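This chain uses plain numbering: 1 for the first residue, then up along the sequence. Both ligands and their constituent atoms are indexed starting at 1 by order of listing. Since the model is a prediction, treat every value here as computed from it, not as a measurement.
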Amino acid sequence: MALGDIDGAGLDRTVADIIAKGGQAFGLAGDLTEEAVANRLIDDALERYGHIDILVNNLGGVGKRAKIWEMKVEDWDFVMRLNLRSTFLCTRAAVPHMIKRRSGRIVCLSSGAREGTPWTAYYLGGSAYSTTKAGVHGFIRDVSLELAEHCINVNAVAPGPIETESGGPALRKLNETVEFSPNNMTPLRRLGQPNEVANAVLFLASDEASYITGVTLHVTGGR
Ligand SMILES: NC(=O)c1ccc[n+]([C@@H]2O[C@H](COP(=O)([O-])OP(=O)(O)OC[C@H]3O[C@@H](n4cnc5c(N)ncnc54)[C@H](O)[C@@H]3O)[C@@H](O)[C@H]2O)c1
């Protein structure tokens, strides 16, 4: 498994974890919104493993939250670049190799926020993030059509409020403090767990999902 992340220390921990559990992995530390870094990640993966079966475009973030009338242009641009550019760059770099083998799976991370989320929209603002995650849905719709004749499946997973290391504390705080909280607004009435998202990504990357393409699978505890 080839992993790319801007956080070198976090990357090292994840690579060590995978190897300790019996897997194979290496990491490339760098900014994946840069064309050269995205290309290098794919080249290094090919050099190491000889082929690319699955690409997961996972990186993403909310950037600085602001209501639309207070949003700074540079903060808007940062989120557009972060959430869309790396997905485009890594996909573009990997696809020629998948086309040659007439085989491949691409899974991109969208978000339930593509339809707006009450716990951010009413209190903090989140339109830049929601825009990019709706963009990921548009991306997989079109690219799945472009790649269908090459036997490459392209899908997305749209997580709801997930209790990750990075996002969990803020979501738990919203549950304690606001009316339109994740727990109140989510039909299953709880935060999701990281493995519940990972399982959906694994399914879309597996042979069991061979006749599924162009779909955004919501893992949001209901809609
Ligand atoms: N956690 C949630 O509740 C939630 C909900 C919906 C969607 N998502 C989406 O799921 C994906 C993963 O979310 P997460 O909560 O695990 O996020 P996270 O912040 O924990 O992980 C994102 C990773 O991307 C890396 N990264 C950031 N900028 C980078 C860059 N320029 N180049 C390379 N790496 C970079 C970070 O270092 C981090 O390791 C994201 O696309 C996110 O938008 C998350």
(message) Under the rule for salt bridge (Lys or Arg N to Asp or Glu O under 4.0 Å), what residues qualify as partners of Arg141, not counting sequence neighbours?
(response) none
(message) Taking Arg190 first and then Glu163, would you say they form a salt bridge - that is, a charged N and a carboxylate O separated by under 4.0 Å?
(response) no
In a table with atom names and distances, give each donor-acceptor pair under 3.5 Å that connects a side chain of residues 63-77 to protein atoms at least two apart or in another chain.
{"from": "Arg65", "atom 1": "NH1", "to": "Gly125", "atom 2": "O", "distance (Å)": "3.1"}
{"from": "Lys67", "atom 1": "NZ", "to": "Tyr122", "atom 2": "O", "distance (Å)": "3.3"}

(message) Tell me whether Glu34 is salt-bridged to Arg81, with the criterion being a basic N under 4.0 Å from an acidic carboxylate O.
(response) yes
(request) Please check if atom CZ in Arg40 has more than 12 non-hydrogen atoms from other residues, nucleotides or ligands closer than 6.0 Å. (result) no
Please set out all donor-acceptor pairs under 3.5 angstrom arising from side-chain atoms of residues 11-21, sequence neighbours excluded.
{"from": "Thr14", "atom 1": "OG1", "to": "Gly10", "atom 2": "O", "distance (Å)": "3.0"}
{"from": "Asp17", "atom 1": "OD1", "to": "Lys21", "atom 2": "NZ", "distance (Å)": "3.3"}
{"from": "Asp17", "atom 1": "OD2", "to": "Lys21", "atom 2": "NZ", "distance (Å)": "3.3"}

(request) List, ordered by chain and residue number, the protein residues whose closest non-hydrogen atom lies under 4.0 Å from any atom of ligand 1. (result) Asp5, Ile6, Asp7, Gly30, Asp31, Leu32, Thr33, Asn58, Leu59, Gly60, Leu82, Leu109, Ser110, Ser111, Tyr129, Lys133, Pro159, Gly160, Pro161, Ile162, Thr164, Ser166
